[in-house]
Chemist: 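Got a structure here, written out as structure tokens. Questions coming.
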Amino acid sequence: MLSEIKRYSPAYVEERIANWWRENNIIEKVINKNKGAPIFSFLEGPPTVNGFMHIGHTRGRVYKDIVLRYMTMRGLDVWRRAGWDCQGLPTEIEVEKRLNITTKKDLERIGLERFIEEANKVVDYYISQWRSASERLALWLDFDNAYETRREEYMEHVWYLLKKAYDEGNLIESLRVVPYCPRCETPLSQHELAQGYEEVKDPSIYVKMPLEGSDNRYVIIWTTTPWTLPGNEAIAIDPGAEYVELEVDGERWIIAHLLLQKFVEEVGLKKHRKLGVFKGEKLVGMKYVHPLRDEVPAHKSHEGAAHTVVSSEFVSMEEGTGCVHTAPAHGPEDFELGKRNNLPIFCPVSSTGIFTAEGGKYNGLSTRDASKVIIEDLERKKLLVKAGEILHNYPLCWRCGTPLIYLASTQWFLRVEPIKQYMIEGNANVVWWPEWAGTSRFGEWLKNAEDWCISRTKVWGTPLNVWTCQNCGKKRVVGSRAELNEAIEKPNELRMHRPWIDQVVFRCSECGGKMYRVPYVLDTWLDSGVAHIASIDYLRNRELFEKLFPYDFITEAVDQTRGWFYTLLFTSTLLFKKPPFKSVLNQGHVLDEFGKKMSKSRGNVLWAHDAFDRFGVDPVRLYLVSKAEPWSTINFVPSELTQVIEQLNTLWNVFLFAKTYFELDKFNPERHNVESLNKDLKPEDRWLLSKVNTLIKIVTKSLDEREIQDAAREIRRFFIEDLSRTYIRSIRRRVWVEEQTKDKLAAYATLYYALRIVTILLAPFTPYLAEVFFKEIRKADDPESVHMVSWPKPDERYIDEELEDYMDIVQDTLTAVLAGRQKGDRKLRWPVSRIIVSPKTQRAKQALSRYADFLKTLANAQKLELLDINDKPKETMLRVKPDFRRLGPKLGKRLTQVAQLLSSIDGYEVKKELERKGKYSLLLPDKSEVNLESDDLILEEQLPENFVFSEGRFAFVYIDLFETDEIRRMAIANEFIRRIQVMRKEMNLNILDEVDCLIMVQDGEVTEQLKASSEYIEEETRTRLQIHGKHKDIPGDYFGKSWKIGELDVTIALRKPQDNT
RNA sequence: GGGCCGGUGGCUCAGCUUGGUUAGAGCGCUCGGCUGAUAACCGGGAGGUCGCCGGUUCAAAUCCGGCCCGGCCCA
């Protein structure tokens, strides 16, 4: 496949390899490869099968795949069952769209049966989409046996759990405040709530709450929902904040000090006087008279803590009065406050938004109408400070736009207190990547965990398995499908989903009455939350469970902290008092190029299949995981993908290079390997062997620690820096020779060794591409796919850290040489006669001496001289100059003569004298003697004209640019070789083709030089040369071209070989 | 309002655990060079108040405190 296309094409590779995998059942073979070996159990967090896989999902799924492939290659029997989260709100929304349902009436008309059928269709569709996207990603899970949360044998595990919880007293019924749409008559979830915030105009009223025991003292509250006042049971204040008591028209009003000015402006208060400032805690416990006590008589019987000032941490000092109207039945925070303070949870409003009889005067009014009447009543009772209007964000029903109302209603909860401590203790034994996700983020969440509300007024979900006796109220929690057979009434088709399950009726064991199901379905998080048992059919397959539980590894995105990570731990602790997983890898989110969250409304979502089409699966995989630690948020930057593709293309070319020469020389890796050729390995070979074994170490360690980005980056760095840029470049000349030298074979064997390791290490990251490479290097006794190969172990014999260090020194020195060449204007094609290297340290000296040949070749130098540490080349001269500023005053006129004399004197002599005697004596032409001290003189090193100097980190480099005839001849030859090679390439010649070559140069000297090196040129370019000293017409069967080499015009013509020669 | 993570050249990131030469790399820019695996590559150059303020210290990108900004989660 490698030579079929010129350039790495991810799409081409994917298609071929995917077909090959399929035709040869590779996936199945890989999954079953390690049966019987120690188990590595992975629990798949089931994606919600609604919508399509986007790039964020993709990232997480790549991490899963990498870890699973790695563990498989490590020889473990990897449990990798796929799973799909099928139920819940998003699907219901889609079904409603498809069936054109907008109201509850539409739903009744269409019928729940039809609704459920459609939901199943939606799920079927998305599962197929997710599966194909996952398969294209090459995520090798067991899809054929995937678990689905909508299946009855799955849901049965939820029932099992709830029955157990109920029996132990942990499944309870309790009041709770939830947002309702009065028009749709249904509570909405947090999700739905977030979709519907809009700016609306509402009343904004300030109300005087009369304090008991005084006829003119009031606490002032503010609200935008007057209809909630009948539900008022308390006033919340911030005990730490300062409050002020005002005198206004003979009355005393209390508000927060900080909000005084705002309040005065808002209500247009003309005159007031501060009576005193005090801490809020002074107010706590004060009783007040409910402002609508007469209109809503129920308040007369509210006792205990009702109508009291209480303290709260939720008091805002941004708006209002700092004294917060609290209606426990109409706000989640109010509700919490109510529970804490034993307030009545008084809810005189029905789910249709109409006041009930409990609402007294307002009975029968809608919340909207009631608001108006309440304002009038307050006005009349002189309890209204001010009634205005406000524009603010308020949640509306996303379906019908009706303002939502918060109402208290009975919901079902799983109690957290009995298991909280076990969860915290269990979590301490779980390994989290990164650590803070477990200790800080998850740890905090656990500490603050509250009872879990599991009931939903929905359709497409696991039904709540509680039946209540119509007659005596006795409850029955059904724990299995089998139990349904005890029903006295049931539908013809007995299914666990609604509506069928709603028709199941039991006989009450207490009173003989009929028991009907409580019509809730369950939170979908409960579905996925029991995956640790349900995905493997725990109820019927304990043996499997014993083998897999607790799972070795799970990984999902960070937002699952309060989601799946939590629900898994919760249910497992409830059942077994221990966590269901041993380790958790957190994944960060993927943002767009500009760091913005991807969202449909913004239109910046990158879908997985689009990304695969545009960039290819392997590049996307490698990119996503090398960019950052798995748990960091990343920006997806398309231009960075091209870089990955280019790098993989380079690796592709490395393989192509190897393939070309291996085939040319019929290289046999079984016969010639780094063991058998050990004696012939050059330092650069040993270096690469060391590097590649070190690579195994690093990659293995990084994967074990889930520092996946380090593994990916290190592999990329290796094949670009070490393999392509350094090693391949250094062996070009070795492989170009025609004979089968040991030296060439050593290079081949080394290259093969490195390619093999890189291929295997790449397998988890770029599974398609690695398979292509593996086909090129596969030996007879290798498994058929790279994904069945064992993970390599580093061969310590080849690891030589010193050698690796040395190469760094040599490369740095080579860089210095190249910089020096540039300074001296000598292109690399022109040999230089000498480079002189002066190492800075002993280590550098050893390194440079060991790699002297390597350096000499790559620097294109005829000779390499290695000096002692910090020595100067013997050609260095030390020039002596007078310090004019110092000597001027001292010597006057004579300074000119001194300067002249010094210029011709060897500085080393002067230096020696100065060191010995502390002075240097100079005899002037007028016979006078001048004594110079070292401060009088400036000693300056100087190199001969033909030297350039360059400094590296480890050595000083001097390049002797002196050109001999030979150098000029070589340089000219190289100039021609280069051009002939370009032309060969343009003619698309085979590497081995011998061609005829005409060179025409109108320059006697160059002609002579060329003739002298014709053999060298012929050898390098595989040509037969004819050199002409003047220009002639190019024969017709030649491909000719004119070139300029410096000032020189030359013509080169090539002729393809005759077929029969 | 709370929790967690991040802020380092134009862009994307490393370095921070354990304070210590001139803060590195890739991309981009620019000038030059190389090339029979490579639409690749190599070298020179320009480009950084390491978010801000304060503290600890002989010495802070690094440790501590406060603040600002961005992201995520929760309320």
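All values below were derived from every heavy atom in this structure, side-chain atoms included, with hydrogens, water molecules and symmetry-related copies excluded. We name chains A, B, ... by the order of the sequence lines, and we start the count at 1 in each one.
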Chemist: Just call it for A/Lys627: base, sugar-phosphate, or nothing, with non-hydrogen atoms closer than 4.0 Å on any strand.
Modeler: sugar-phosphate
Chemist: For A/Phe655, report the nucleic acid contact type (base, sugar-phosphate, nothing); a contact means any heavy atom under 4.0 Å.
Modeler: nothing
Chemist: Is any side-chain N or O of A/Thr650 under 3.5 Å from a base N or O of B/rA37, one able to act as donor and the other as acceptor?
Modeler: no
Chemist: Compute both the distance and the angle, then confirm whether A/Lys691 meets the cation-pi test with A/Phe718: under 6.0 Å from the six-membered ring centre, within 45 degrees of the axis.
Modeler: no
Chemist: Scan A/Ile634 against the nucleic acid and name what it touches under 4.0 Å (heavy atoms): base, sugar-phosphate only, or nothing.
Modeler: nothing
Chemist: Taking the side chain of A/Glu640 as heavy atoms from C-beta outward, which of B/rA40, B/rU12, B/rU35 is closest to it?
Modeler: B/rU12
Chemist: Anything under 3.5 Å between a protein N or O and an N or O of nucleotides 65-73 of chain B, put it in a table, one pair a line.
Modeler:
from: B/rC73; atom 1: O3'; to: A/Arg562; atom 2: NH1; distance (Å): 3.3

Chemist: Identify whether any heavy atom of A/Ser632 sits under 4.0 Å from a base atom; if not, whether one sits that close to sugar-phosphate; answer base, sugar-phosphate or nothing.
Modeler: nothing
Chemist: Hey, are A/Asp710 and A/Arg717 close enough for a salt bridge, meaning a charged N less than 4.0 Å from a carboxylate O?
Modeler: no
Chemist: Please work out if A/Arg713 contacts a base, only the sugar-phosphate, or nothing of the nucleic acid, heavy-atom cut-off 4.0 Å.
Modeler: sugar-phosphate
Chemist: Would you indicate what A/Gln981 reaches in the nucleic acid, counting non-hydrogen atoms under 4.0 angstrom: base, sugar-phosphate, or nothing?
Modeler: base
Chemist: For the C1' atoms, the ones on B/rA39 and on B/rC50, what distance do you get once it is rounded to whole angstrom?
Modeler: 37 Å
Chemist: Grab the CZ-C1' distance between A/Phe442 and B/rC74 for me, whole Å please.
Modeler: 14 Å
